[in-house]
Amino acid sequence: MNPIILNNHFNFIDYDIEDLNSNYLEKITPEARKNQSFKKETETVYDYFSKEGILNKSYTKKSNVINIGELKNTTFLTRFLIEYCDNEFRNWINKRLNTQTEIFLLDLKVLNVILKNIFRNGSGLLAGFLADSQNEEFEEILFNLITKDAPFHFVLEEIKTIINEFDLIVSSNFDTKDEKRIESVLRNLVPVIGTSGQDKRNRGIIASQFRMPGMPYVLVTTDIFREGEDLHTFCQNIYHYGIAWNPSDMEQRTGRIDRINSLSYRKLNKSQELDFQNKIQVFYPYLKHSVEVNQVVQLFLNLNKFIQTFNTISIDNYYESKIDVNKEIGSNEIPEPIKDRLHSIYDVKDFIT
């Protein structure tokens, strides 16, 4: 990102432009490579903003006028935020007006690293490759590929989500706001990722990648992820290809995405409606006309029993783990899940917090 062009448009930091130019930028020795010069200039601006700049706490939604010519001389991400994520980025700024300037600038650097990696390693990589393969202006083609109703429109939605959910993403995935650490986590992104106890992959990194709103879209794993890592921030569908007879074990697995601040949790709080789109969806795939039908039926019976007796603490439940492989079960014999709301036997509303 170009912090000066970005600030000229969004006006989030007050500073002395003449002081910056004469005492800092003009003293920079140009590098042979353009990108190295830009990096050095950007670091100088950030350093100056941090020491001399004042966060504009009287920030308003009114922006300075920037013509297209100026924008074409800046970075792709700067243009992207100004032209396509104006409202989202203004809201991002508003949330940080009461912080210190150094913290604000650190968050801006972190956002920059995350967005850059979307195009270097994530969902924007293919769109960037296609734009680069043409003999026309790279940025214009890329914009056309990722904007609304375009083939890669989901890239724009992903970036807006990152801006809107920035605090949740950072707190869930990165223990420190270290740019190099974040870059290492966001390398080698793929649409579908798999892991088991047989490989030596860093499961913490896999979980962090999956907790992002884009790639990987699917995580295929054994029960090594049954506990220890939350996978809830942008996932609300889980498919159990392997089952356990004990309902508590199944709830433990489903619990990876059924948590406070999960995607479903946030949707429900926003819409205040309990419907299919907002619920966590749990699937149990099985092969028809096979013993898997009998296994799933027994599991569903155990799950329903678990729910029915949830508040009856005096009962020591036994969950059947044996099935009759010779019994034929029709589709109409598969138990329906209990969808009624659970109510606590305790007066939780009267508890003092």
Side-chain angles (χ1 to χ4, degrees), residues 1-3 5-7 9-10 12 42 61 63 66 68 71-72 74-96 104-132 137-174 177 179 181-191 193 208-218 233-236 261 263 266-267 270:
M1 296 178 189
N2 185 323
I5 296 292
L6 207 60
N7 189 58
H9 181 77
F10 292 105
F12 46 80
T42 301
K61 289 196 173 184
S63 62
I66 297 179
I68 298 299
L71 286 177
K72 287 190 175 181
T74 187
T75 67
F76 169 79
L77 280 180
T78 307
R79 284 192 62 189
F80 193 90
L81 290 176
I82 291 173
E83 295 185 31
Y84 297 99
C85 301
D86 187 272
N87 288 334
E88 289 77 14
F89 192 61
R90 289 186 187 281
N91 290 333
W92 187 92
I93 293 171
N94 271 319
K95 292 178 182 178
R96 287 161 177 77
F104 179 94
L105 293 172
L106 179 59
D107 281 351
L108 187 59
K109 289 181 179 179
V110 170
L111 179 63
N112 181 46
V113 170
I114 294 174
L115 296 186
K116 279 199 301 186
N117 276 278
I118 298 303
F119 291 97
R120 289 178 176 175
N121 303 300
S123 60
L125 179 62
L126 181 56
F129 174 80
L130 292 174
D132 193 45
E137 291 190 19
F138 169 80
E139 289 189 4
E140 302 308 318
I141 296 174
L142 186 51
F143 281 133
N144 290 333
L145 285 172
I146 64 179
T147 48
K148 188 176 181 181
D149 300 325
F152 295 90
H153 64 89
F154 54 86
V155 178
L156 174 59
E157 294 306 315
E158 179 183 343
I159 289 176
K160 287 184 176 182
T161 300
I162 289 171
I163 297 171
N164 291 333
E165 302 286 359
F166 176 82
D167 294 318
L168 174 64
I169 289 170
V170 171
S171 63
S172 299
N173 297 309
F174 312 116
K177 293 179 180 180
E179 295 171 75
R181 164 65 178 161
I182 294 171
E183 283 186 339
S184 69
V185 170
L186 299 180
R187 287 179 188 154
N188 304 317
L189 296 173
V190 291
I193 191 168
S208 293
Q209 291 179 348
F210 190 68
R211 286 193 293 261
M212 296 296 290
M215 292 184 182
Y217 304 115
V218 178
T233 48
F234 296 99
C235 176
Q236 65 182 89
N261 281 332
L263 179 60
R266 301 195 307 274
K267 284 184 176 181
K270 184 176 181 179

Between [atom1] on residue [X] and [atom2] on residue [Y], distance to nearest 0.5 Å:
{"X": "Phe143", "Y": "Tyr84", "atom1": "CZ", "atom2": "OH", "result": "5.5 Å"}
{"X": "Glu179", "Y": "Phe174", "atom1": "CD", "atom2": "CZ", "result": "12.0 Å"}
{"X": "Leu125", "Y": "Phe152", "atom1": "CG", "atom2": "CZ", "result": "10.0 Å"}
{"X": "His9", "Y": "Leu81", "atom1": "NE2", "atom2": "CG", "result": "9.5 Å"}
{"X": "Leu186", "Y": "Ile118", "atom1": "CG", "atom2": "CD1", "result": "7.0 Å"}
{"X": "Asp107", "Y": "Asp167", "atom1": "CG", "atom2": "CG", "result": "7.0 Å"}

Which heavy atom of [X] sits nearest to which heavy atom of [Y], and what is that distance?
{"X": "Leu156", "Y": "Phe80", "result": "CD1-CZ, 3.4 Å"}
{"X": "Phe12", "Y": "Ile93", "result": "CD2-CD1, 3.8 Å"}
{"X": "Gly122", "Y": "Leu189", "result": "CA-CD1, 3.9 Å"}
{"X": "Gln209", "Y": "Val185", "result": "NE2-O, 2.8 Å"}
{"X": "Phe138", "Y": "Gly128", "result": "CE1-O, 3.4 Å"}
{"X": "Arg266", "Y": "Leu168", "result": "NH1-CD2, 3.2 Å"}

* Taking side chain to side chain contact (heavy atoms under 4.5 Å, CB included) as the test, write out the residues that go with Asn173, two or more places apart. =>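 Partners of Asn173 under the side chain to side chain contact (heavy atoms under 4.5 Å, CB included) test: Ile169, Ser208, Arg211, Met212.
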Decide yes or no for [X] and [Y]: does some side-chain heavy atom of the first lie under 4.5 Å from some side-chain heavy atom of the second?
{"X": "Phe119", "Y": "Ile159", "result": "yes"}
{"X": "Thr78", "Y": "Ile82", "result": "yes"}
{"X": "Ile162", "Y": "Leu111", "result": "yes"}
{"X": "Lys116", "Y": "Leu77", "result": "yes"}
{"X": "Phe210", "Y": "Thr233", "result": "no"}

* What's the verdict on side-chain contact (heavy atoms from CB on, under 4.5 Å) for Val218 and Ile193, showing C-alpha distance, side-chain angles and the deciding distance? -> CA-CA 6 Å; Val218 178; Ile193 191 168; over 6 Å; no
* Asked: Is a side-chain donor or acceptor of Asn117 paired with a backbone partner of Arg120 at a separation under 3.5 angstrom?
  -> no
* To do: Check for a donor-acceptor pair, side chain of Asn112 on one end and backbone N or O of Met1 on the other, with a separation under 3.5 Å.
  =>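 At least one qualifying donor-acceptor pair exists.
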* Pairwise side-chain hydrogen bond (donor to acceptor under 3.5 Å, both in side chains) hits with a residue in residues 145-160, at least two apart -> Ser123-Glu158
* For atom CG of Asn188, is the number of surrounding heavy atoms from other residues, nucleotides or ligands below 6.0 Å larger than 12? -> no
* Starting from the C-alpha separation in whole Å, work towards a yes-or-no answer on side-chain contact (heavy atoms from CB on, under 4.5 Å) for Leu108 and Leu6. => CA-CA 11 Å; Leu108 187 59; Leu6 207 60; 4.2 Å; yes
* Going through the checks in order, is the side-chain contact (heavy atoms from CB on, under 4.5 Å) test met by Leu263 and Cys235? -> CA-CA 6 Å; Leu263 179 60; Cys235 176; 5.9 Å; no
* **Within 45° cone of Trp92 ring axis and under 6.0 Å: Arg96 NZ or CZ** => yes
